[in-house]
Structure formats: structure tokens, C-alpha cells
Amino acid sequence: MSQIKYMLLTSRQGKTRLIRWYQPFDIKYKHKILREVTTNVLSRKSKMCNILEYQDHKVVYKKYASLYFIAGIDLDSDNELLTLEIIHRFVETMDRYFGNVCELDIIFNFSKAYSILDEMIMCDGSIIETSKDEVIHVVEAMDAIESNDDLDRVLS
Amino acid sequence: MDNHKVLILLPESLEIQEHIAFISTIFQKQYDETESIARDVQWKTKYYETTLDLYIDTYDVLQEWVNDFVSDECKELRDVISGIIFVFKDEDHKPPVECLKNLIDERIEDFTAKFFIGCYFNENVIEEDELYELNSDLLVQNFEIVNWFDKPDPSMDKVGSERIKEIIDVHPWLSHPETLKKNQGQINISPIDLDSFMTKLEQAKERYQTFDDSKEAELFIEKIIDELSDMIV
């Protein structure tokens, strides 16, 4: 069972677009991870391995267009390839939701990106949903509720 | 609200047609080579639109241009620009990159709020691995080198002019009222408009209550929200 420690989404320019922590870290350590992991990953060449060891855990990352999806996983119990697959699922789901997702989509709809991620990964870092259809269905249902609320507000 | 200002620095060794092609490709603007300032250039993305003023300058010897640019007379310009696009085509790309890196580091205040693009306008492009290394060193300065003549690669990375556009797209423009809620604060509904707006609302309310199928109702809601927003914005 995969239990992710954190998930980061960073741009090629080193700007963090999404962060989700699945384990308690103190603020100092969070900053350290952000700074060091991002720098490490961004400096890696395209043909280098997508898995690296960092302190007491492993970092698995994958680059899609201008975005780096980075996940911190346990050194012994987690599976790197499964983590890469989870990242890929997340990207594919966003791709389907936004229609060819790009950095700008995430900047302007970060709450939607978080909703998609939260549907796939539980607050303790374990995977709860792998079906893209199911995730999209739930997120679209949320959108419909929001639209109804908007209309109700206007009509009232 | 003033337009955002972007400085474009081109080498004199570049043909005039290349100047025009460069600016037209990125900004989709018919550029007149006699202009040193191209005003009111529209920059549109999926989510916002803004207006830019392009300040276009050329250099013969880069270091001389830098010396002028760091002078006190240019302080106002340095402060007001949102980003700089440097174009260079020297066979050895290292000296101009180093020169520009020092310029950003030492003489541009608050460089983290601006974007800096170094466009390598040479068909002998900088190798991918070297470009990675170079860009990772320039990360702190918010400075990125882009090969103009790079060919699209399978990693879906945007290259050349597309990457330059992408950097401009994701730049956090300070205060852009044109973002999303266009013309916010200028909503001015005349009494007649308000009447028709209220009538439409009432009709929508009545119609909405007649729907049994939730999907159909959802579609209707979306359509009505769009129509009503168009009426007031």
C-alpha cells in the first residue's frame, strides 16, 4: 500500500503551484524540503533517473510539459513505479478535466486541481481512487452544486 | 491603469526582417521597425488579457548597453519594466549570459517580481543538457535561456517562441484589472437593462422549477448564468 508523504507541483521556473503534505512535518522542515527537493529535481537532466533518495525518504518525480510533479515516499515500504503511475493518473485526470492541462489552468483553477488530488489521495497519503471517470464525476458534481448555489443566490 | 512594460533587447547584427519576425511571432503584432515603442499590444490568454507596451532597443556591444542601462538615468526604466527579453546570437553563449546574469543580480531591484528571458538566436542551439544546467543556475534570478531554433521534443516541453509565450503567460502581472472579471467596478446597468435583467431572472426561476431531469436543469442553469453575466458585464 502506497503512502505518500507529500506531493508538490513545481514549474520549470521553480515556482510552487500545489503542495499537499500527508504527514506532519514542522514548518522549518517543510521549507527545507521545498527548497532542497525543488532545486535537486530542477537541476536534473532529462535522461536522468526519476527516483532519488533524499534524507530519510525517496523522491519520485515526473515532468509534464513545464511542470514537475514530485512525490515524497517511504524508503522501504513504498513502490516507486506505483508512485509514478499515481502521478500519471493525476495528470491524466486533470488533462481530461481541463482539456489538455497547462500551467495556467492550475494557476487559475488551483482549487479544482486540489479537489482532483483529494479525490485520488486520502489525507494520510494512501490512494483512495484510481478511476479517472469516478474522480471526474465527483468533481463535476461539485461544480454542479456550486452552479446551483450561484443560481440560488441570484434568484433569491 | 498604465500598461505593463516589457523591454526587448535585440542585437544590431540581427537582420531587420528578423527583428520584425521575432516580435511578430511572440506578440502577434505587426511591428514597424522604425518604432522603438510599440504601445497597446494586447496579450490574451485563456484566463486573462492585459495590455503591454514593448520597449524595443538594440545593442552593438552588450557590455556597453549594460553600462548605459545600469546608469542612474535608466533607474526609472529599470523600476518600471515588468520583464526583459534579451536576444543574443554570439557563437559562444557564455559571456552574454554571464553579463546578463550579473546585470540582474546586481542592478535590478526586486528582480523576483520580473521575468527575464534570454533568447539564443543561433541555429547552433545550446545542447539540452547544458541548457538544463544553465537554467538551473539562473533559477534564482528568474532568468531563463530559451533556444529560438529548438525543435519540439517528445517530452512535450514547449520550446522557442512557444516557451517565451508560456513564460509571459504565467508571469504574475502585478494588478491586472483585466483579469477574469473584466471591467470590474464599471458595471453600469441602466434602468431599462435592470428591468430586462429582472424579467429574465423571473422567467428563469419559473422555468427552472419545471425541470424533472437534473442534467437538463444543470444545462439550463449554466446557460442562464452565462446569459445573465453577459448582460451585466
Side-chain angles (χ1 to χ4, degrees), chain A residues 9-17 34-48 50 61-69 88 91-92 95 98-110 112 137 140-156, chain B residues 45-48 112 115-117 127-144 146 153-159 162-163 165-172 179-180 197 200-202 204-206 208-209 214-215 217-226 228-229 232:
Chain A
L9 215 164
T10 306
S11 76
R12 242 162 99 173
Q13 293 169 301
K15 298 203 168 75
T16 307
R17 299 300 181 200
L34 269 180
R35 195 178 55 246
E36 292 182 354
V37 170
T38 306
T39 319
N40 260 336
V41 168
L42 291 184
S43 62
R44 290 173 73 82
K45 291 163 190 165
S46 60
K47 289 180 187 75
M48 285 171 118
N50 288 48
Y61 73 92
K62 186 102 175 83
K63 186 182 178 204
Y64 290 90
S66 64
L67 293 168
Y68 286 84
F69 292 74
H88 190 64
V91 175
E92 280 186 328
D95 225 24
F98 292 111
N100 201 8
V101 64
C102 64
E103 197 178 338
L104 214 55
D105 289 318
I106 292 168
I107 294 171
F108 281 91
N109 294 292
F110 63 90
K112 293 288 164 217
H137 176 73
E140 282 179 348
M142 282 194 249
D143 290 347
I145 293 167
E146 269 179 44
S147 302
N148 280 345
D149 280 353
D150 287 345
L151 187 68
D152 283 347
R153 211 176 303 135
V154 173
L155 292 176
S156 63
Chain B
T45 71
K46 192 173 165 185
Y47 294 99
Y48 70 87
T112 51
F115 67 86
F116 302 97
I117 304 169
E127 291 297 318
E128 192 189 353
D129 283 355
E130 196 186 347
L131 195 63
Y132 258 85
E133 232 167 82
L134 202 59
N135 280 334
S136 108
D137 285 345
L138 300 171
L139 215 60
V140 182
Q141 284 83 16
N142 238 356
F143 185 23
E144 184 171 330
V146 177
D153 63 15
S155 71
M156 304 185 313
D157 255 3
K158 286 191 176 166
V159 292
E162 288 304 308
R163 177 62 190 152
K165 286 183 199 172
E166 192 175 45
I167 296 171
I168 301 174
D169 278 349
V170 300
H171 178 69
T179 306
L180 293 170
F197 182 83
K200 202 166 179 69
L201 256 180
E202 282 302 321
K205 192 177 177 181
E206 280 164 22
Y208 178 65
Q209 283 156 353
S214 63
K215 212 160 196 174
E218 250 171 54
L219 285 173
F220 174 73
I221 289 168
E222 276 169 26
K223 199 177 144 214
I224 285 296
I225 288 176
D226 283 347
L228 292 177
S229 336
I232 58 172

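Letters A, B, ... mirror the listed sequences (proteins, then strands); counts begin at 1.
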* Atom group of A:N109 that falls short of 4.5 Å from chain B, counting heavy atoms -> side chain

* Asked: What part of A:I107 gets closer than 4.5 Å to chain B, counting heavy atoms only: side chain, backbone, both or neither?
  -> side chain

* So which of B:E133, B:K46, B:R163 has the largest heavy-atom pair count under 4.5 angstrom toward chain A? -> B:R163

* Asked: If you take all heavy atoms of B:Y132 and A:S46, which pair is closest and at what distance?
  -> OH-CB, 3.7 Å

* Structure fact -> Nearest heavy-atom approach of B:K158 to A:R12 is O-NH1, 3.5 Å

* **Positive for side chain to side chain contact (heavy atoms under 4.5 Å, CB included) with A:L67, one of A:I106, A:V91, A:V101, A:T10** => A:I106

* Structure fact -> Residues passing the salt bridge (charged side-chain N to carboxylate O under 4.0 Å, His left out) test with A:R17, sequence neighbours excluded, are A:E103

* Quick one: list whatever passes salt bridge (charged side-chain N to carboxylate O under 4.0 Å, His left out) with B:D169, sequence neighbours left out. => none

* Which of the residues A:A144, A:C102, A:S66, A:G14 is involved in the greatest number of heavy-atom pairs with chain B at under 4.5 angstrom? -> A:S66

* With only heavy atoms counted, which part of B:N142 is less than 4.5 Å from chain A, the side chain, the backbone, both or neither? -> side chain

* So which part of B:L138 gets closer than 4.5 Å to some heavy atom of chain A, the side chain, the backbone, both or neither? -> neither

